[in-house]
Amino acid sequence: MADPARAAKLAQRIKVVVAEALGRRVKDPRVESITVTDARVTNDLQHATIYYTVFGDEVAQADAARALEKAKGVLRQEVGRNITVRLAPTLEFVADQIPVNASNLEELLREAKRRDAEVAALAASAKHAGESDPYKADAPEDIDEDHNR
């Protein structure tokens, strides 16, 4: 079993090799809009998961997934040539959900900002329910005239 640092370093190398191979070796036009975002390798270096995003709608994403599955053998061969491990790891391609999650997070932040503006507008025109000074205050004591002299 390799150490996790070696697996992480190998994953970064595989990410670069796959991204370059998608541009040079795979001639399928469906892979042109693919961006490799991350790669992870198991600690035994036998399996690599490659995360990708696709610029386009759901049809383009489905086409890209099919194209990656079709080119998996070519990409694994290219990975095997360019890394220094005894066995080339198997490749698994997973669509990265980070852009979708980021979009949802941005929408939530926009909604929170809108609600904060509403609350600020309500607070600006709000008045206190009770007196202006709700705290009890001691009645002012009579000033002892003997001590002031």
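What you see below is based on every heavy atom in this structure, not just the backbone, and it leaves out hydrogens, waters and symmetry mates. What you see is a predicted model; the values in this text were computed from it and never measured.
A donor atom on one side chain and an acceptor atom on the other are found under 3.5 Å apart for His47 and Thr90. Defined by atom type and a distance below 3.5 Å, a donor-acceptor pair is missing between the side-chain atoms of Gln61 and Asp57. Side chains of Thr37 and Asp96: a donor-acceptor N/O pair is present below 3.5 angstrom, by distance only.
Interatomic distance, Lys70 NZ to Asp63 CG, rounded to the nearest 0.5 Å: 11.5 Å. Note: Leu10 CG to Thr84 OG1 = 7.5 Å, rounded to the nearest 0.5 Å. Atom CD1 of Ile14 is separated from atom CZ of Arg76 by 10.5 Å, given to the nearest 0.5 angstrom. For the atom pair CG of Leu108 and NZ of Lys113, the computed distance is 14.5 Å after rounding to the nearest 0.5 Å.
Counting all heavy atoms, side chain and backbone alike, Asp28 lies closest to Ala67 at OD2-CB, 3.5 Å. The two residues Pro4 and Asn43 make their nearest non-hydrogen contact at CA-OD1, 3.8 Å. In terms of heavy atoms, Pro89 sits closest to Ala48 at CB-N, 4.1 Å.
In the hydrophobic clustering of ILVMFWY residues, with side-chain heavy atoms under 4.5 Å counting as a link, Val79 and Val85 come out together.
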Evaluate the side-chain contact (heavy atoms from CB on, under 4.5 Å) criterion for residues Leu45 and Arg6: first the C-alpha distance (whole Å), next the side-chain angles of each, then the deciding distance (0.1 Å), finally the verdict. CA-CA 9 Å; Leu45 309 178; Arg6 182 175 182 213; 3.7 Å; yes
Yes or no on side-chain contact (heavy atoms from CB on, under 4.5 Å) for Arg81 and Gln77, after CA distance, side-chain angles and deciding distance? CA-CA 6 Å; Arg81 283 186 190 152; Gln77 183 182 32; 3.4 Å; yes
May I have the step-by-step check of side-chain contact (heavy atoms from CB on, under 4.5 Å) for Asn82 and Arg13, ending in yes or no? CA-CA 8 Å; Asn82 291 294; Arg13 180 70 185 138; 4.0 Å; yes
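Checking side-chain atoms of Arg30 against main-chain N and O of Ala60 turns up no donor-acceptor pair under 3.5 Å. Remark: side-chain polar atoms of Arg25 are not paired, donor with acceptor, to backbone N or O of Leu75 under 3.5 angstrom.
Using a cutoff of 4.0 Å between basic side-chain nitrogens and carboxylate oxygens, Glu69 and Arg66 are not scored as salt-bridged. Salt bridge Asp38/Arg40: present, at least one basic N to carboxylate O contact under 4.0 Å. A salt bridge does not link Arg115 to Glu118: none of the charged nitrogens lies less than 4.0 Å from a carboxylate oxygen.
The shortest side-chain heavy-atom distance between Val94 and Tyr52 does not fall under the 4.5 Å cut-off. Here the side chains of Leu87 and Gln46 are in contact, with some heavy-atom distance below 4.5 Å.
Under a cut-off of 6.0 angstrom, the local environment of CD in Glu111 is crowded, with over 12 non-hydrogen atoms contributed by other residues, nucleotides or ligands.
Screening Val74, Thr35, Ile34 for a side chain to side chain contact (heavy atoms under 4.5 Å, CB included) with Leu22, the sole residue that qualifies is Ile34.
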